Structures are given as C-alpha cells and as structure tokens.
Amino acid sequence: MDLGEVWAGLTDPAADTYPVVTELRLPRTAIGLAAGAALGLAGALMQAMTRNPLADPGLLGVNTGAAAAVVTGAYFLGFTGFTQTIGFAFAGAAAATVATYLIAGAAAATPARLALAGAAVTAAGFAYVSAIQLMDAASLETMRFWSVGSLVNAHTAPVVPVVTLIGFASAVGILLARPLNALALGDATATGLGVDPRVLRVAGIAAITVLAGTATAVCGPIVFVGLVVPHVVRAFTGPDQNWVLPYSMLTGAAFLVLTDVIGRVVARPGEVQVGIVCAVVGGPFFISLVSRRKVARL
C-alpha cells in the first residue's frame, strides 16, 4: 500500500483498505508495541531485582504457569477460544508467580531463593503440561498455536484493557528505578539508604507479573525480548535504572514490532511467527553481545 491508501484505511470506513489497516494492522501494531514494552521492562526489573544478568520473566515461572493454565482449561473445561485462552493464561501466570514468591520464603525471599524457586515451579509446570498434552489432542492443538508466540490474532484481543494494564504496571515499574539503584549495592546498604528490600521485591514482582503475564496471555511466551533488551540498553546507558527501565520499554517495543514485520516479509504470502523470529534474531545477537563486549554491570 502507498501512503494514500494507508491514510484512507485509517480515516474512511468505506475504503477498500479500511479492514486491513484499521481492523487488522492497527490493533496488531498496538498490541505488539505494548507487549514488547512490557517484556523489555519486565526483563530489566527481573535482572535488577535478582542481580542476575541472565534473568528474564520466565525465571518466575510466568510462561510455564500460563501454559499450565491454558492446557487445564482446554483439557478439563474444553476452553479453546482465544479470549478464554487469554484469561486462563493470565491467571496461570499470576498463580505461578505467587507460588514462586511463597516457595522462596515470601518476605524473606532473596535473589538466589527466587531463582531456585522459579526453576522448581518451571520444572513442575513443564512436567504437568507435557503430561496433559500426551493425554489430550485438543490441549496439544491449542498449545501448538499458542506456545510459539504470535501476533496473528492480536486484532481479536481487547486492545484497550491490555494497553491499560501494561501502562499501569509500567508506571509502577518505572517508579522503582531509584530504589533498585540502592538495592544494587546490597540489601544492607539499601536498608541503610531507607529502602526496604522486602517491600521493593513485592512491588517488583507484582509489576513483573502484570507486565509479563499480560504479554504472555495475549501473544504467547515470546523468548529473548526480556533477556536481550536490557543488556542492549545497558551497553549504551550504563547501569543506572533511571535510564535502563524506560529505555528497555522503548527498545522492547521497537524490537518486537520489527521482528513481527520481518516475519511477515521473509515468508510472503505466509508469515513466520514473531516468537520464532525473536529467537532466531535474538539468540545470535545475544551470543555476539556477550562474546564481543563487556556486559555493563547491573
């Protein structure tokens, strides 16, 4: 389409391009920007909270919890619709995050205990998902399309609620920048500077749950965005969370939409799902980043 056709598609409901531009591409782009920003910010928060440069939202069991809830709905209740999948995925992501936090010791949780608890919840959830898929063809079919990570059905997602949820959680996450800078010096130092590490981790985990849970529920588990983007940002901004967090949002949004466009272009008239493109592009890029330059300290 040329620019005139795009403009007509945005402004004239009678135009032939209106269904494509306004009803398909616009919601897909809005969801892509929101999900990419959410995953980028969630990854940055996760790495800062755990002081683990390899942490990503999946460390808290978000992806596995969402997957477990999706197969539960499909197997026990017969729910396979897109809206139903979103609801179950978000509930599962939230439940897995809460379980991880409680197993790690709740208020006494430390970065190491959070990582270990997240690994345990992820392993248990993966085993459950695999068992259900082996027993039920409908669950396997539902997971086959959802788990790859895609924006294909974004036009059917409730755009305004999704963007509102992500916007609210993003505001909370950005406000944690200064306390996270203090936490980087250690729990004892942070306490001496007036920051309660326990309260900070609760707020951070809540923000990560909403950010990653919403993005995962709508788009499926998209890998590498939350892991790679904060490292790319810190290479230019340094470790100050006042810069890392907002720029991780912007970079994550741009990265996810760019990879979605690449997936639509390289396989025309079909498309490669954005989750696959993120893995193909993000994997080698992350390896190159780690091997060629010194990763900025958290």
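All figures in this text were calculated on a predicted structure; none of them were measured in a lab. For this chain, numbers begin at 1 and follow the sequence in order.
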Are the side chains of Val266 and Val272 in touch, meaning some heavy atoms are under 4.5 Å apart? yes

With side chains defined as the heavy atoms from C-beta onward, is the minimum distance between Val159 and Ile31 less than 4.5 Å? yes

Nearest-0.5 Å distance, CG of residue Leu227 to SG of residue Cys278: 12.0 Å

At their closest point, which heavy atom of Val225 faces which heavy atom of Gly40, and how far apart are they? CG1-N, 4.1 Å

Grouping I, L, V, M, F, W and Y whenever their side-chain heavy atoms are under 4.5 Å apart, do Val172 and Tyr101 come out in a common cluster? no

Between the CG atom in Leu41 and the CE atom in Met46, the distance rounded to the nearest 0.5 Å is 12.5 Å

Evaluate the criterion side-chain contact (heavy atoms from CB on, under 4.5 Å) for residue pair Arg113 and Ile103; output intermediate values, then yes/no. CA-CA 8 Å; Arg113 294 179 69 175; Ile103 292 171; over 6 Å; no

Shortest non-hydrogen separation from Ala182 to Val195 and the atoms involved: CB-CG2, 4.0 Å

Evaluate the side-chain contact (heavy atoms from CB on, under 4.5 Å) criterion for residues Leu39 and Phe255: first the C-alpha distance (whole Å), next the side-chain angles of each, then the deciding distance (0.1 Å), finally the verdict. CA-CA 11 Å; Leu39 292 172; Phe255 178 72; over 6 Å; no

Please report the shortest heavy-atom distance between Pro27 and Thr22, naming the atom on each side. CD-O, 3.2 Å

Distance col, row Leu24:CG vs Thr17:OG1, nearest 0.5 angstrom, shows 11.5 Å

Determine the minimum heavy-atom distance between Ala253 and Leu33, stating which atoms define it. CB-O, 3.3 Å

Rounded at 0.5 Å granularity, tell me how far CZ in Arg28 sits from SG in Cys219. 10.0 Å

What's the separation between atom CG in Asp260 and atom OG in Ser150, rounded to the nearest 0.5 Å? 7.5 Å

Do Tyr247 and Leu245 sit in the same hydrophobic cluster, where Ile, Leu, Val, Met, Phe, Trp and Tyr count as joined when their side-chain heavy atoms come under 4.5 Å apart? yes

So do the side chains of Pro197 and Leu183 get within less than 4.5 Å of each other, counting heavy atoms only? yes

Pick one: which of Ile174, Leu45, Leu176, Leu180 meets side-chain contact (heavy atoms from CB on, under 4.5 Å) with Gln241? Leu180

Can you hop from Ile276 to Val229 via hydrophobic side chains spaced under 4.5 Å? yes

Asp16, CG atom: more than 12 neighbouring heavy atoms under 6.0 Å: no

Side chains of Val261 and Arg264, heavy atoms from C-beta outward: is any pair under 4.5 Å? yes

Going by heavy atoms in the side chains, are Thr164 and Val160 under 4.5 Å from each other? yes

Could you go through the side-chain contact (heavy atoms from CB on, under 4.5 Å) check for Phe90 and Thr214 one step at a time? CA-CA 6 Å; Phe90 183 79; Thr214 304; 3.4 Å; yes

Joint cluster assignment, Phe88 & Val98, ILVMFWY side-chain distance < 4.5 Å: no

With a 4.5 Å limit on heavy-atom distance, are the side chains of Leu256 and Ile222 in contact? yes

Take Arg25 and Glu5 through the test salt bridge (Lys or Arg N to Asp or Glu O under 4.0 Å) and record every step on the way to the result. CA-CA 13 Å; Arg25 293 293 180 236; Glu5 291 174 317; over 6 Å; no

In chain order, what residues pass the salt bridge (Lys or Arg N to Asp or Glu O under 4.0 Å) check against Asp56, with sequence neighbours excluded? none

Indicate if Val277 and Val152 have the same hydrophobic cluster label, given that clusters are the connected sets of ILVMFWY residues with side-chain heavy-atom separations under 4.5 angstrom. no

Can you name the closest pair of heavy atoms from Gly92 and Ala69 and give their distance? CA-CB, 3.6 Å

Flag the pair Thr97 / Ile208 as yes when at least one side-chain heavy-atom distance between them is below 4.5 Å, and no otherwise. no

Quick one: are Asp12 and Tyr18 in side-chain contact, heavy atoms under 4.5 Å? no

Applying salt bridge (Lys or Arg N to Asp or Glu O under 4.0 Å), name anything that partners Asp240, two or more places apart in sequence or on another chain. none

Around Leu3, counting heavy atoms of other residues, nucleotides and ligands shown, do more than 12 lie under 6.0 Å from its CG? no

Answer with yes or no whether the side chains of Thr72 and Tyr128 bring together a donor and an acceptor at under 3.5 Å. yes

Rounding to 0.5 Å, atoms CD (Gln273) and CG (Leu151) come to a distance of 8.5 Å

Heavy-atom closest pair (Pro230 atom, Gly43 atom, distance to 0.1 Å) is CG-C, 3.7 Å

Start with the C-alpha gap between Asp196 and Leu200, add the side-chain angles, then the distance that decides, and say whether side-chain contact (heavy atoms from CB on, under 4.5 Å) holds. CA-CA 6 Å; Asp196 188 335; Leu200 177 58; over 6 Å; no

